[in-house]
Peer 1: 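Once you've had a glance at the structure underneath, I'll fire off some questions.
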Number of protein chains: 2
Amino acid sequence: MNRFKDGGGDERKLTGIREVARIAGVSVGTVSNVLNRPDVVAEATRQRVHAVIEQLEFVPNRGAADLRSGRSRMIGLVVPDITNPFFAEVARGAVNAANEDNIAVVLCNSDHAASQEDRYLDVLEQHRVAGVLINPLGKVPSRLESLRDRGLKVVCVDRSVRKSAYCSVSVDDVRGGEIAVEHLLAPGARRLVLVNGPASLRPCADRRRGAWRALDKAGLSRDSLTEVVCRSMTIRAGVEAGARMLQLPELPDAVFCTNDLLAIGVMRALVNAGVGVPGDVAIVGYDDIDLAADAAVPLTSVSQPKFALGRKAMQLLLAEIAEGSSHEHERIAFQPDLTVRDSSAAPKAG
Amino acid sequence: MNRFKDGGGDERKLTGIREVARIAGVSVGTVSNVLNRPDVVAEATRQRVHAVIEQLEFVPNRGAADLRSGRSRMIGLVVPDITNPFFAEVARGAVNAANEDNIAVVLCNSDHAASQEDRYLDVLEQHRVAGVLINPLGKVPSRLESLRDRGLKVVCVDRSVRKSAYCSVSVDDVRGGEIAVEHLLAPGARRLVLVNGPASLRPCADRRRGAWRALDKAGLSRDSLTEVVCRSMTIRAGVEAGARMLQLPELPDAVFCTNDLLAIGVMRALVNAGVGVPGDVAIVGYDDIDLAADAAVPLTSVSQPKFALGRKAMQLLLAEIAEGSSHEHERIAFQPDLTVRDSSAAPKAG
DNA sequence: AGTGTCGGTTAAACCGTTTCAAGACGAAAG
DNA sequence: CTTTCGTCTTGAAACGGTTTAACCGACACT
């Protein structure tokens with residue numbers, strides 16, 4: 001059951017605030033004060049206490065402090081898959097921001113399983129974290145509401161929440177799609193293909209909407225954009241999509257793939273078939289993964305500020321925790337950015 | 001400074017063990033027992049208490065429990081870069097194992113900076129984590145020893161530690177290099193190239209040693225292996241290495257790259273130059289990243305059990321914590337595995 | 001009836017802090 | 001010489017649990 005029943009007993013008794021007080025010849029209250037409100041204690045005393053702290057290598061027990069004060073210096077980070085570069089980067093940003101405030105971030109990897117997510121939320125609740133940064137699975141579960149009722153602050157990452165019941169931070173996928181297509185349209189492309197993942201995925205649907213919007217703005221019909229849908233968003237699927245494209249009655253001028261892996265696959269299929277990229281068809285991808293820059297022909301891609309996303313989300317959460325009930329929920333949308341590379345350099349140049 | 005001074009005061013007073021006891025008509029001690037040693041309390045009482053717990057939605061305060069009991073249900077995970085797929089996967093494994101014991105894992109991302117690493121260790125110490133899972137930067141710092149003196153258990157990940165002062169878990173890079181070269185040698189390759197990163201990196205040096213060992217075992221001179229050293233281990237560096245290889249007096253039969261990105265780069269350079277892969281030269285990479293399977297020609301690669309590594313490391317740590325002083329430090333070396341794909345399918349077939 | 005003993009329960013001490021009402025001291029004001 | 005402040009400091013009460021020694025019936029055995 002519990003592996004922590006009894007440790008073999010090599011526990012050196014850590015020095016506590018009491019011991020410090022005793023040796024420094026002051027009361028524990030004073031030691032606490034020099035730790036938390038140095039301004040309120042006399043210079044001389046402060047120095048003396050600090051000296052003792054140093055000498056004893058005293059390390060305050062944050063847990064005990066939290067218990068008494070009702071605060072908490074921990075927040076939970078719940079992601080579906082830390083292995084996904086997107087979330088890894090977000091995590092890095094979040095942890096980075098938290099560290100500045102000496103806040104510990106406990107990592108929860110739900111593995112795309114709602115049951116796991118629930119389990120983790122339980123653990124977080126038991127540990128009395130001050131708040132949770134979460135990319136919730138599926139529909140934002142009512143569980144989050146119950147958490148909030150318990151006093152936990154919640155902010156959603158990369159998932160805009162209706163009714164601004166929580167703070168949320170995400171990047172504007174619609175705008176991302178728009179940017180990409182605008183870029184392709186600019187040099188005069190008129191026959192476009194959209195290589196997309198399942199429209200049931202929010203980002204896929206949004207990026208498509210963005211593409212449409214760009215078309216609308218340019219006064220073009222949506223018919224000028226042919227959609228090729230892939231089951232998964234991998235290089236392999238991209239290769240297949242590329243093959244399908246080659247069978248179209250007419251080759252497009254430009255292709256927008258809603259993810260870099262798809263784009264790389266498409267590119268490979270086209271190049272293998274003797275189609276020039278970007279000479280014959282321009283390609284832009286999405287996510288700007290490392291690989292994009294190192295593709296056979298460097299890939300233009302829409303990049304998302306993942307690190308900043310994580311940082312901001314954490315900052316928002318910490319702010320909400322500090323502000324308490326006077327807090328107004330914010331819904332921040334980061335703007336994606338286009339990184340232009342060779343794959344879209346000079347469409348139809350030849 | 002501290003953003004947690006005062007929250008706006010929307011703290012609903014959580015129900016505690018006391019309230020449960022009062023309503024259930026038992027003492028707090030009994031409630032505690034129901035929670036921690038259900039076997040010691042009478043069936044009827046247990047049921048009654050559980051009912052009340054349910055009804056009140058009581059959630060035990062792990063922090064308070066830890067404080068009194070001297071245990072700790074948190075452990076720290078310190079990695080140089082969570083964005084690195086290797087560590088992401090290790091983290092996933094570690095978190096996964098911890099979750100089974102209801103242990104919270106606090107994530108620390110040192111960003112390859114010793115100063116950060118130190119800061120994080122401070123935070124972990126203050127939070128009184130039971131142990132630390134760490135991939136320490138540079139030489140295993142004396143800091144770790146001081147941690148251990150304080151009663152913290154430490155296990156090192158992917159970094160074997162001299163003198164078995166700690167438990168450590170790593171994968172056998174020497175063996176990995178050996179496997180790769182054995183595989184290339186089997187079909188009769190005799191002129192090999194090793195595309196390596198800086199030998200100052202432990203894994204690079206080890207994998208080279210492994211390659212040599214395979215050579216020795218096969219009764220071949222080390223001269224049959226030409227080493228091409230790259231500054232960085234990226235696709236771009238691989239392409240350059242490939243270019244350099246093409247200028248060699250004679251093309252090799254087979255190439256072993258100490259990382260998949262290098263391998264993909266080399267492959268690209270060769271194929272672009274009209275060299276057949278695996279027809280003219282076979283290639284094997286290292287790490288078995290997702291991309292390997294989806295390379296232009298699917299890449300044979302040495303794969304490391306990263307998830308298992310993380311899981312095992314965590315299990316070891318938890319075990320050490322449970323065992324206490326009676327613990328014997330273990331040094332576990334995982335065996336890497338060769339995933340054979342097209343890039344080495346039929347060397348010199350033509 | 002006296003004595004163990006055993007399963008179940010309890011009251012009180014304790015973990016390492018923060019917090020807060022109250023005290024001590026000296027200096028400025030009356 | 002009192003008062004009145006203001007600055008520092010203090011002691012004890014929390015915080016929400018766990019732990020331990022003691023207690024209490026009831027039941028079995030001499």
Side-chain angles (χ1 to χ4, degrees), chain A residues 2 4-7 9 11-49 53 56 58-73 102 125-128 130 150-151, chain B residues 2 4-7 9 11-22 24-49 53 56 58-73 125-128 130 150-151:
Chain A
N2 180 340
F4 290 79
K5 280 290 167 55
D6 37 38
E11 323 284 302
R12 269 196 354 151
K13 184 147 185 145
L14 281 304
T15 45
I17 209 180
R18 295 178 117 81
E19 180 78 353
V20 174
R22 198 178 57 78
I23 302 208
V26 297
S27 77
V28 295
T30 298
V31 177
S32 174
N33 279 335
V34 6
L35 253 33
N36 304 307
R37 291 131 65 192
D39 47 303
V40 86
V41 37
E43 174 70 12
T45 327
R46 196 190 324 161
Q47 303 242 335
R48 186 152 35 99
V49 172
I53 287 181
L56 257 47
F58 163 72
V59 177
N61 183 330
R62 216 57 101 155
D66 285 358
L67 171 57
R68 170 60 228 223
S69 67
R71 281 180 217 125
S72 166
R73 307 205 129 273
N102 267 304
E125 216 172 329
Q126 292 176 177
H127 277 278
R128 294 289 189 277
R150 276 204 159 62
Chain B
N2 181 338
F4 290 78
K5 281 287 167 60
D6 37 38
E11 323 283 302
R12 269 198 353 153
K13 182 146 189 149
L14 281 303
T15 43
I17 209 181
R18 297 178 115 84
E19 180 79 352
V20 174
R22 197 177 57 78
V26 298
S27 76
V28 296
T30 298
V31 177
S32 174
N33 279 335
V34 168
L35 255 33
N36 304 308
R37 293 131 65 190
D39 46 304
V40 86
V41 37
E43 174 71 11
T45 328
R46 197 191 321 162
Q47 303 241 334
R48 187 152 36 98
V49 172
I53 288 181
L56 259 46
F58 164 72
V59 177
N61 183 329
R62 219 56 108 151
D66 286 357
L67 172 57
R68 169 61 227 230
S69 66
R71 283 181 217 125
S72 166
R73 308 205 129 271
E125 215 172 329
Q126 293 177 175
H127 278 279
R128 295 290 189 275
R150 277 207 160 60

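Chain letters run A, B, ... following the sequence lines, proteins first, then strands; residues in each count from 1. Heavy-atom basis, side chains included; hydrogens, waters and symmetry copies ignored.
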Peer 1: Nearest 0.5 angstrom please: B/H127 NE2 to A/N102 CG, how far?
Peer 2: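 Rounded to the nearest 0.5 Å, the NE2-CG separation comes to 7.5 Å.
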Peer 1: Between B/V20 and B/T15, is there a side-chain heavy-atom distance shorter than 4.5 Å?
Peer 2: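 No, side chains not in contact.
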Peer 1: Check every strand shown and say whether A/R62 touches a base, only sugar-phosphate, or nothing at a heavy-atom separation below 4.0 Å.
Peer 2: nothing
Peer 1: Is a donor on one side and an acceptor on the other found under 3.5 Å between the side chain of A/R46 and the backbone of A/V34?
Peer 2: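 Pair absent, no side-chain N/O of A/R46 close to backbone of A/V34.
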Peer 1: Could you state the CG-P distance from B/L35 to D/dG17, rounded to the nearest angstrom?
Peer 2: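 B/L35 atom CG is separated from D/dG17 atom P by 9 Å.
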Peer 1: Roughly what angle, to 10°, lies between the helix axis at the start of the helix from C/dA1-D/dT30 to C/dG30-D/dC1 and the one at its end, five pairs per end?
Peer 2: 60°
Peer 1: Would you mind reading off the distance between A/D39 atom CG and D/dG6 atom C1', rounded to a whole angstrom?
Peer 2: 15 Å
Peer 1: What nucleic acid atoms does B/V31 come within less than 4.0 Å of, heavy atoms only: base, sugar-phosphate, or nothing?
Peer 2: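 Result for B/V31 = nothing.
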Peer 1: Determine the minimum heavy-atom distance between A/S72 and A/A130, stating which atoms define it.
Peer 2: OG-N, 3.4 Å
Peer 1: Measure CZ/B/R22 against P/C/dT10 and give the value in whole Å, please.
Peer 2: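 Answer to the nearest Å: 15 Å.
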Peer 1: What is the distance from CD1 of A/I53 to C1' of C/dT17, rounded to the nearest Å?
Peer 2: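 Distance, rounded to whole Å: 13 Å.
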Peer 1: From CG of B/L67 over to P of C/dA13, roughly how many Å is that when rounded to an integer?
Peer 2: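 From B/L67 CG to C/dA13 P: 18 Å.
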Peer 1: Please list, pair by pair, any protein nitrogen or oxygen found under 3.5 Å from a nitrogen or oxygen in nucleotides 19-26 of chain D.
Peer 2:
from	atom 1	to	atom 2	distance (Å)
D/dT19	OP1	B/R71	NH2	3.1

Peer 1: Between A/R73 (CZ) and C/dT18 (C1'), how many Å, whole number?
Peer 2: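 Taking CZ of A/R73 and C1' of C/dT18, I get 13 Å after rounding.
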Peer 1: Within a strict 4.5 Å, meaning less than it, do heavy atoms of the B/N61 and A/L67 side chains meet?
Peer 2: yes
Peer 1: Taking the side chain as every heavy atom from C-beta outward, state whether B/L35 and B/F58 have any atom pair closer than 4.5 Å.
Peer 2: yes
Peer 1: Any heavy-atom pair between the side chains of A/R22 and A/R18 that's under 4.5 Å?
Peer 2: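 SC-SC contact between A/R18 and A/R22 ruled out.
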Peer 1: By nearest nucleotide on DNA chain D, pick out whichever of A/S27 and B/A65 is the more 5' one.
Peer 2: A/S27
Peer 1: Taking B/E125's backbone N and O only, do any of them form a donor-acceptor pair with B/R128's side chain (distance below 3.5 Å, no angle check)?
Peer 2: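 It does hold such a pair.
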Peer 1: Separation of A/F58 atom CZ from C/dG16 atom C1', in whole Å?
Peer 2: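 Atom-to-atom, A/F58 to C/dG16, this comes out as 8 Å.
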Peer 1: Report the distance from atom CG of A/D66 to atom P of D/dG17, rounded to the nearest whole Å.
Peer 2: 15 Å
Peer 1: Got a sec, which residues hit side-chain hydrogen bond (donor to acceptor under 3.5 Å, both in side chains) with B/S32, two or more places apart in sequence or on another chain?
Peer 2: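 With sequence neighbours excluded, B/S32 shows a side-chain hydrogen bond (donor to acceptor under 3.5 Å, both in side chains) to B/N36, given in chain and number order.
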